[in-house]
Amino acid sequence: MSTRIDGKVAAASVIDTVKTSHAALEKATGHKAGLAVVIVGDDPASHAYVGAKGRMAKECGFNSVQHTLPVETTQEELLALVAKLNDDASIHGILVQLPLPRHLDAEPVIQSILPQKDVDGLHVVNAGKLATGDLATGLLSCTPAGAMILVKQVHGADLSGLNALVIGRSNLFGKPMAQLLLNANATVTVGHSRSKDLSALCRQADIVVAAVGRAEMVKADWLKHGATVIDVGINRIAAPELGDGKTKLVGDVDFKGCQDVAGAITPVPGGVGPMTIAMLMANTVIAAWRVLI
Ligand code: GUN
């Protein structure tokens, strides 16, 4: 049986540090950190995530602002809101919830956020700093940064000699995750939908990070015995065992099967998910310190 990596406990510890840091910031400057979250349209899952981010920002003592825009918002209107938030000195972090409705182009919107307010870590300046190994002056993408804390909890800070496989190559997760693992000296492979034999790549890996959005794709017989498994997937599937047309959340990893083979494994929910919000709060207080001091 493997160790269950508890993301809720790790996230609570990050949040404790954020609260202490924010209290010190407020005492030193008289200002609160300000986080603006922008959501366009009415996707229920996105609203649930954004609501959780706002509640946590308030709990940390931040000035938390939510901008809810109708689904028919134009690209120009969205860019105008970001420009306004860029100019607002009380706002230190801006997050535009993704995905955007299909008629909107996310990339120009993300790139219009000032890099120093880009608490999602998605601006090319922040992505470029990560790619060149500057982890100190930019802002890191929240989910990879949170996943990395969980990896380091198991293996320590130096991953020399360890093979890591990231499954998924998105800008939001796969690419920055691979960079963070590389930065910690792991030998990194990035697998994706066009990879020839993902299961064979997986069997080589000491650390597997799955972010493909395919329910329970990684099976027990894909894993090297004792591997660390970080599951970033959040998939809602039918749960006939619960009756009544009920559904449940599962990751990209078949948790039940894999827990007997893995050395350590994150559950879904309760693994990487809570870390994303915690790292968003950490980025916001860091961004505020940089401006206010
Ligand atoms: N949608 C799902 N995850 C994220 C995230 O980390 N940031 C943003 N902006 N949107 C998301």
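All ligand and atom numbering here is 1-based and tracks the order in the structure.
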Does a side-chain N-to-carboxylate-O contact under 4.0 Å join Glu241 and Lys246?
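Judged by the 4.0 Å cut-off on N to carboxylate O distance, Glu241 and Lys246 do not form a salt bridge.
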Less than 4.0 angstrom from a charged side-chain N to a carboxylate O is my criterion; do Glu216 and Lys256 meet it?
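No, this pair does not count.
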Considering distance alone, does some N or O of [X] sit under 3.5 Å from an N or O of ligand 1?
X      : answer
Asp120 : yes
Leu95  : no
Gln97  : yes
Pro99  : no

Heavy-atom nearest neighbour in the protein, as seen from atom 4 (C) of ligand 1, with distance rounded to 0.1 Å
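Its nearest protein heavy-atom neighbour is Leu172 CD2, 3.9 Å.
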Of the protein's non-hydrogen atoms, which lies at the shortest distance from atom 10 (N) of ligand 1, and what is that distance?
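Looking only at protein heavy atoms, the one closest to atom 10 (N) of ligand 1 is Leu98 N, 3.0 Å.
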Could you verify whether a donor N or O on one side chain and an acceptor N or O on the other, from Thr137 and Asp134, lie under 3.5 Å apart?
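Note: Thr137 and Asp134 side chains meet the donor-acceptor criterion.
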Output yes when a side-chain donor or acceptor of Asp252 lies under 3.5 Å from a complementary backbone atom of Arg214, and no otherwise.
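Judged by distance alone, yes, a pair lies under 3.5 Å.
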Given Ile110, Asp105, Val40, the one that forms side-chain contact (heavy atoms from CB on, under 4.5 Å) with Leu100
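Going through Ile110, Asp105, Val40 one by one, the side-chain contact (heavy atoms from CB on, under 4.5 Å) with Leu100 is satisfied by Val40 alone.
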